[in-house]
Visitor: 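Quick one: structure below, then a few questions.
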Protein chains: 2
Amino acid sequence: MSTVNDQQDIKREKILDASYQRFLHYGYSKTTMNEIASDLSLSKALLYYYFPDKSQLYIAVMRKLAADYLKSLEDNIVTFTDLKEAFVFQVNTNHDFIVKNYNFFDSFRLNEQNLPDTIWEIISEIHQSEMKLLSDVFKAEVEKGKIRPVDNPEEIVDLLLDALHAVRVRSISHKKFKLPQKEHLDEIHSKRLLLIDIFIKGLKY
Amino acid sequence: MSTVNDQQDIKREKILDASYQRFLHYGYSKTTMNEIASDLSLSKALLYYYFPDKSQLYIAVMRKLAADYLKSLEDNIVTFTDLKEAFVFQVNTNHDFIVKNYNFFDSFRLNEQNLPDTIWEIISEIHQSEMKLLSDVFKAEVEKGKIRPVDNPEEIVDLLLDALHAVRVRSISHKKFKLPQKEHLDEIHSKRLLLIDIFIKGLKY
DNA sequence: TTACTGACTTTTTTAACAAATTTATCAAAA
DNA sequence: TTTTGATAAATTTGTTAAAAAAGTCAGTAA
């Protein structure tokens with residue numbers, strides 16, 4: 001809690017902000033450490049003083065994004081008692097998140113091999129948090145007798161999340177791959193809402 | 001209907017069979033025209049007498065596969081009156097088809113750009129045929145009052161097909177990409193059956 | 001005339017290597 | 001402890017030559 005560390009943290013944050021802007025506009029591979037450094041009027045070497053390498057910097061930015069995203073979900077989903085509302089909120093939040101940070105994730109779309117495992121761990125953590133939040137609502141709904149009890153609520157929530165996630169990928173598969181897919185996002189979004197509607201009906205008595 | 005054309009057709013079929021074996025074992029890019037020719041003890045030039053180029057040959061094989069696949073669906077799905085049974089049959093048939101021809105489709109997994117548009121047209125045709133078959137069962141079920149009427153049955157069928165298809169893609173996304181995914185096929189299959197179950201319940205009264 | 005081939009040309013892949021760019025390190029200054 | 005300029009190491013990019021594969025065609029055989 002010393003002032004020294006506060007100062008460090010502030011600088012770290014500044015680096016993360018500048019990096020985020022660069023990654024957001026140009027993606028991972030088209031962003032160089034020199035560019036980030038000169039955006040901040042710092043030497044590139046200083047970046048390596050605060051972060052071990054480029055991929056760790058990218059991961060740190062992603063961690064921040066993930067935390068913000070999960071915060072938004074946590075703050076709101078606990079207030080819902082209706083399972084459908086909860087899923088709709090998840091889909092909306094997710095949609096906004098993807099739209100806002102679309103270019104940031106270019107390293108995923110062009111599936112670059114050099115990304116470290118940590119990336120997948122973060123994604124897995126996000127997924128688990130979503131599962132936890134939604135499963136809790138699920139169980140609450142079962143308690144209240146609004147939907148049928150099931151052996152494994154997590155499995156059902158996972159399945160719907162899978163299906164929702166998948167709608168994204170499928171809708172481009174029989175058109176050309178190359179299309180940036182960004183134009184499809186809204187179509188996908190409305191399809192997802194419909195899927196939630198039918199799926200949740202299927203869970204009721 | 002002359003004997004000459006019959007002979008031609010027989011030879012064409014032989015070429016298609018040999019090509020299928022090669023494509024199935026080694027995939028598109030690792031199969032050479034010379035290999036196909038020598039499998040048949042023919043000159044490579046003859047292949048070009050029957051097919052304009054390699055991609056057209058591949059497409060012709062794929063057309064045959066698609067026809068077989070659709071035949072199997074058509075022969076059986078019309079006999080079903082239950083929508084769930086129809087979807088289960090679709091998923092099972094699809095699963096078997098993918099498992100059997102897994103290597104044939106390697107050109108899709110490593111998304112090669114050089115594949116001609118015709119490939120996507122074939123996939124689109126398959127999808128439309130599936131839509132038609134399943135939509136008819138859907139409408140019949142509505143007629144019989146077993147499920148709720150909807151504005152656009154095709155849209156619902158499309159959505160479920162999307163969701164089912166998507167389950168495949170999603171299940172690998174937070175593990176590594178590279179894994180051949182073949183091991184996941186059975187897990188995906190059972191998830192799909194569960195999805196069908198819940199989704200169809202959601203369509204009932 | 002139709003089915004077919006060997007020899008040939010063109011196109012695509014692969015490998016090797018130099019040049020340029022970028023990542024990453026480090027001794028030394030502030 | 002924080003910061004930098006200089007420099008080393010690694011990666012990407014561009015070039016070129018050789019090899020492999022696709023694709024063509026004049027001509028033979030049935």
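The sequence lines fix the lettering, A, B, ..., with proteins before strands; numbering per chain opens at 1.
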Visitor: Using whole Å, what does the distance between atom P of nucleotide C:dT25 and atom CD of A:Q56 come to?
Guide: 12 Å

Visitor: A:Y20 versus A:N101: any side-chain heavy-atom pair under 4.5 Å?
Guide: yes

Visitor: When the distance from CG of B:D9 to C1' of C:dA3 is rounded to whole Å, what number comes out?
Guide: 14 Å

Visitor: Below the 4.0 Å mark, does C:dT2 have OP1 or OP2 next to a side-chain nitrogen or oxygen of B:Q8?
Guide: no

Visitor: Considering only heavy atoms from C-beta outward, does the side chain of B:I198 approach that of A:L160 to under 4.5 Å?
Guide: no

Visitor: Students often mix this up, so state it plainly: with edges at 30° and 60°, are the rings of A:F104 and A:Y58 parallel, tilted or perpendicular?
Guide: parallel

Visitor: Send over the distance from A:L42 CG to C:dA30 P, rounded to a whole Å.
Guide: 17 Å

Visitor: Report the end-to-end axis angle of the helix from C:dT1-D:dA30 to C:dA30-D:dT1; each axis comes from five terminal pairs, and the value is rounded to 10°.
Guide: 30°

Visitor: Can you tell me if A:Y69 and A:N94 form a side-chain donor-acceptor pair at under 3.5 Å?
Guide: yes

Visitor: Salt bridge or not for B:D68 and B:K64, using N-O below 4.0 Å?
Guide: no

Visitor: Is the phosphate of D:dA21, meaning OP1 or OP2, less than 4.0 Å from a side-chain N or O of B:K30?
Guide: no

Visitor: What integer distance in Å separates A:L40:CG from D:dT3:P?
Guide: 11 Å

Visitor: Please list, in numerical order, the residues of residues 43-52 of chain B that have a heavy atom closer than 4.0 Å to any atom of DNA chain D.
Guide: B:K44, B:A45, B:Y48

Visitor: Are A:F51 and A:M33 packed together at the side-chain level, in the sense that at least one heavy-atom pair is separated by less than 4.5 angstrom?
Guide: no

Visitor: Rounded to the nearest angstrom, tell me the gap between atom CG in B:D53 and atom P in D:dA21.
Guide: 17 Å

Visitor: Less than 4.0 angstrom from a charged side-chain N to a carboxylate O is my criterion; do A:E154 and A:K139 meet it?
Guide: yes

Visitor: Rounded to the nearest angstrom, tell me the gap between atom CD1 in B:I36 and atom C1' in C:dT5.
Guide: 18 Å

Visitor: Which atom pair, heavy atoms only, marks the closest approach of B:F138 to B:P153?
Guide: CD2-CB, 3.7 Å

Visitor: Looking only at heavy atoms, what is the nearest atom pair of B:T31 and B:R22, with distance?
Guide: OG1-O, 3.3 Å

Visitor: If I take atom OH in residue B:Y58 and atom C1' in nucleotide D:dA22, what distance separates them, rounded to the nearest angstrom?
Guide: 17 Å

Visitor: From CD of B:E35 over to P of D:dA20, roughly how many Å is that when rounded to an integer?
Guide: 13 Å

